> 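Dumping the structure here so I can ask a few things about it.
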Amino acid sequence: MTNRHVANRRIGGRLPLVLVAVLAALALVLAGCGTDEDDGTVTMARANWESGHMQAAIYAQLLGELGYAVSDPAENTRDPNGFYPALASGQFDLWVNGWFPLHDIYLEGELVTGQTVEHPIEPVGYQVRSGALQGYMIDKATADAMGITSMSQLADASVARVFDQNGNGLADLIGCNDGWGCQTVIESHISDLDWGDNVEQVSDDYNDLVAGVRERVASGEPVLFYAWTPNWTYEVLTPGEDVVWLESPALDDEEGNTEVRGLRGCASDPCNLGWAVSSIRAVGNEDFLDDNDDIRRLLEVVTIPLEDIAAQNAKMATAELGYSENQVNADAADWIEANRDAVDRWLETARG
């Protein structure tokens with residue numbers, strides 16, 4: 001299938017001899033210090049999906065309270081294909097946007113990108129444990145009109161054609177950005193599951209694509225798309241009212257539980273989404289974590305409720321003039337203060 005995817009101030013033209021001596025001595029000190037992981041700095045990245053940005057800011061601010069100088073995660077925004085090789089090569093120390101088991105493919109001796117791991121990579125802690133969902137959705141109007149409850153029904157070409165937007169006879173599945181783990185999984189589903197012959201993935205910027213999904217739902221046009229929680233789409237497209245979840249068979253080698261009980265907007269209970277229920281975890285360079293036990297201990301205990309993430313995501317999505325990095329950082333600071341008792345316990349644990 002084809003994807004659519006300082007300057008020196010001079011006195012009399014020369015530096016004073018005393019200043020020269022001071023600078024020379026300072027250079028020697030800095031050279032002796034080096035740039036290893038125990039110099040009190042943390043180089044942190046974040047994912048290029050907006051639903052993970054507040055969490056990255058929360059962790060960065062917590063590391064600051066722990067006494068570290070932390071690089072701005074917003075300056076190191078990456079997709080998984082770009083982040084994990086950089087983490088393995090030592091370019092970054094950590095991020096907090098790992099999805100597992102979805103990102104298991106980045107933990108192998110040879111990464112999915114074909115690069116060799118130079119430094120071990122280690123998931124640590126559970127920001128969200130077994131509560132992040134992924135799967136396929138369609139507009140409720142089409143689901144009701146045609147009785148569609150499962151992706152397997154798209155094995156019927158006449159059903160799949162209802163979701164064809166470009167006229168080639170295949171259902172257009174609004175999918176994931178290039179470089180995201182979910183894009184790879186969707187392609188595996190298309191290749192190996194019973195409905196795949198009649199479906200193609202549309203890959204581009206997810207927020208832009210889902211803006212189109214919202215337009216189609218509002219106008220009553222059929223639409224098929226990949227969705228995950230926590231994410232703003234779940235707040236602006238209400239399951240059971242605007243859209244519905246579809247069940248799907250899972251790949252034979254899928255690890256983890258793919259069934260969800262009490263899932264609003266699914267015709268069955270439990271609902272078999274065909275995707276393992278995921279945990280959101282920090283992932284660090286193991287050498288860095290070994291050299292900074294306090295950081296490891298902090299990452300092990302921080303948790304952020306799904307509902308808090310979803311509420312902030314919806315706030316971003318409905319902002320009329322866009323959402324700035326300053327606002328994301330303010331949301332993170334507000335969350336920390338609202339949860340100060342827990343935060344102080346985490347910091348006490350980290351300090352040992």
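These figures come from a predicted structure and were not determined experimentally.
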> With no hydrogens and no angle check, do the side chains of T303 and Q127 hold a donor and an acceptor under 3.5 Å apart?
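The answer is no; no qualifying pair exists.
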
> In terms of heavy-atom contacts, does CG of D252 have more than 12 from other residues, nucleotides or ligands at under 6.0 Å?
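Atom CG in D252 is not crowded, with 12 or fewer foreign heavy atoms closer than 6.0 Å.
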
> Evaluate side chain to side chain contact (heavy atoms under 4.5 Å, CB included) for L237 paired with V217, printing each intermediate quantity in order.
CA-CA 9 Å; L237 293 171; V217 171; 4.2 Å; yes

> Looking only at the side chains, is there a donor atom on one of N168 and E200 sitting less than 3.5 Å from an acceptor on the other?
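Yes, a side-chain donor-acceptor pair sits under 3.5 Å.
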
> Do the non-hydrogen side-chain atoms of E307 and P230 ever get within less than 4.5 Å of each other?
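The answer is no; the side chains never approach within 4.5 Å.
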
> In Å and rounded to the nearest 0.5 Å, what is the CG to OG distance from L154 to S248?
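Going from CG on L154 over to OG on S248, the span is 9.5 Å.
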
> Say whether S150 and E247, considering side chains only, have a donor N or O and an acceptor N or O under 3.5 Å apart.
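No pair is found: no donor N or O on one side chain lies under 3.5 Å from an acceptor on the other.
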
> For S158 and D156, which I'm curious about, is there any donor-acceptor pair between the side chains at under 3.5 Å?
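Judged by distance alone, the side chains do pair up.
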
> Does a side-chain heavy-atom distance below 4.5 Å link F163 with I148?
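A side-chain contact under 4.5 Å exists here.
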
> Give the cluster check for W95 versus Y126: same hydrophobic cluster or not, with ILVMFWY residues linked at side-chain heavy-atom distances below 4.5 Å.
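Cluster IDs for W95 and Y126 differ.
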
> So, for Y226 and W275, is the gap between ring centers shorter than 6.0 Å?
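They qualify: ring centres under 6.0 Å apart.
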
> State, without any angle test, whether R46 and T77 hold a side-chain donor-acceptor pair at a distance under 3.5 Å.
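Their side chains do contain a donor-acceptor pair, which is all the 3.5 Å distance test asks for.
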
> So, are D242 and R214 salt-bridged, with charged N and O less than 4.0 Å apart?
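Here D242 does not pair with R214 in a salt bridge, since their nearest N and O are not under 4.0 Å apart.
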
> In Å, rounded to the nearest 0.5 Å, how long is the span from CG of N313 to OG1 of T229?
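Answer for the CG-OG1 pair, N313 versus T229, is 10.0 Å.
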
> Under a 3.5 Å distance rule, please check whether Q153 uses its side chain to pair with a backbone N or O of G147 as donor and acceptor.
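Judged by distance alone, yes, a pair lies under 3.5 Å.
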
> Kindly check if the number of other-residue, nucleotide or ligand heavy atoms within 6.0 Å of CD (E348) is above 12?
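Counting other residues, nucleotides and ligands, CD of E348 stays at 12 neighbours or fewer.
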
> Taking side chain as C-beta onward, heavy atoms only, is W195 less than 4.5 Å from L173?
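Side chain of W195 against side chain of L173, heavy atoms only: contact under 4.5 Å found.
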
> Determine, stepwise, if the pair D205 / N177 fulfils side chain to side chain contact (heavy atoms under 4.5 Å, CB included).
CA-CA 5 Å; D205 181 84; N177 295 39; 4.1 Å; yes

> Please tell me whether H189 and Y136 have a donor and an acceptor in their side chains that are separated by less than 3.5 angstrom.
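Yes - a donor-acceptor pair under 3.5 Å links their side chains.
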
> Taking the side chain as C-beta and beyond, is there a heavy-atom pair between V128 and S279 under 4.5 Å?
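They are not in side-chain contact.
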
> Does a donor on one side chain and an acceptor on the other come within less than 3.5 Å for Q91 and S89?
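Short answer, no.
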
> Start with the C-alpha distance between D192 and L251, add both sets of side-chain angles, then the distance that settles side chain to side chain contact (heavy atoms under 4.5 Å, CB included), and finish with yes or no.
CA-CA 7 Å; D192 297 341; L251 294 171; 3.7 Å; yes

> Give, for atom CH2 of W49 and atom SG of C182, the distance between the pair rounded to the nearest 0.5 Å.
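The distance works out to 7.5 Å.
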
> Would you say that F100 contacts L107 through its side chain, given a criterion of any heavy-atom pair below 4.5 Å between the two side chains?
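The answer is yes; the side chains approach within 4.5 Å.
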
> Would R345 and D341 pass as an ion pair if we require N to O under 4.0 Å?
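Salt bridge between R345 and D341, a charged N being under 4.0 Å from a carboxylate O: no.
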
> Give a yes or no on whether a salt bridge exists between K315 and E50, defined as a side-chain N under 4.0 angstrom from a carboxylate O.
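Here K315 does not pair with E50 in a salt bridge, since their nearest N and O are not under 4.0 Å apart.
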
> What distance do I138 atom CD1 and R216 atom CZ have between them, rounded to the nearest 0.5 Å?
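Nearest 0.5 Å value for the CD1-CZ distance: 12.5 Å.
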
> Are side-chain N/O atoms of Y68 and D93 paired as donor and acceptor at under 3.5 Å?
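There is no such pair between these side chains.
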
> With rounding to the nearest 0.5 angstrom, report the OG to CG distance, S278 to N257.
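Interatomic distance, S278 OG to N257 CG, rounded to 0.5 Å: 11.0 Å.
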
> Determine whether F288 and N292 satisfy the following criterion, side chain to side chain contact (heavy atoms under 4.5 Å, CB included), listing intermediate values before the conclusion.
CA-CA 6 Å; F288 169 81; N292 296 278; 3.4 Å; yes

> Is there a donor-acceptor pair under 3.5 Å between the side chain of D294 and the backbone N or O of R351?
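Not at all, since once roles are kept as given, no pair shorter than 3.5 Å links the two residues.
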
> Scan side-chain atoms only and decide if N48 and W180 contain a donor-acceptor pair under the 3.5 Å cut-off.
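The criterion, which ignores hydrogens and geometry beyond distance, is satisfied for W180 and N48.
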
> Kindly say whether E241 contributes a backbone atom to a donor-acceptor pair with the side chain of T238 at under 3.5 angstrom?
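No; zero donor-acceptor contacts below 3.5 Å.
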
> Any non-hydrogen side-chain atom of M316 less than 4.5 Å from a side-chain atom of V328?
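Of all side-chain heavy-atom pairs linking V328 with M316, at least one is under 4.5 Å.
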
> Backbone N or O of F83 within a donor-acceptor pair of the R78 side chain at under 3.5 Å?
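A pair under 3.5 Å: no.
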
> Is there a donor in the side chain of Q201 and an acceptor in the side chain of E187, or the other way round, less than 3.5 Å apart?
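E187 and Q201 do have a side-chain donor-acceptor pair below 3.5 Å.
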
> Under the side-chain hydrogen bond (donor to acceptor under 3.5 Å, both in side chains) criterion, do Q312 and D331 qualify, and how do the steps go?
CA-CA 8 Å; Q312 191 271 345; D331 288 342; 3.1 Å; yes

> Less than 4.5 Å apart, any side-chain heavy atom of D139 and any of E221?
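Sidechains of E221 and D139: no contact.
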
> Is the closest side-chain heavy-atom distance between V96 and L94 below 4.5 Å?
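Yes - at least one pair of side-chain heavy atoms lies under 4.5 Å apart.
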
> Could you tell me if the ring centre of H53 sits under 6.0 Å from that of Y323?
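Ring-ring flag for H53/Y323: false, centres at least 6.0 Å apart.
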
> Nearest 0.5 Å, what's the CZ-CZ distance between R129 and R281?
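It comes to 7.5 Å.
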
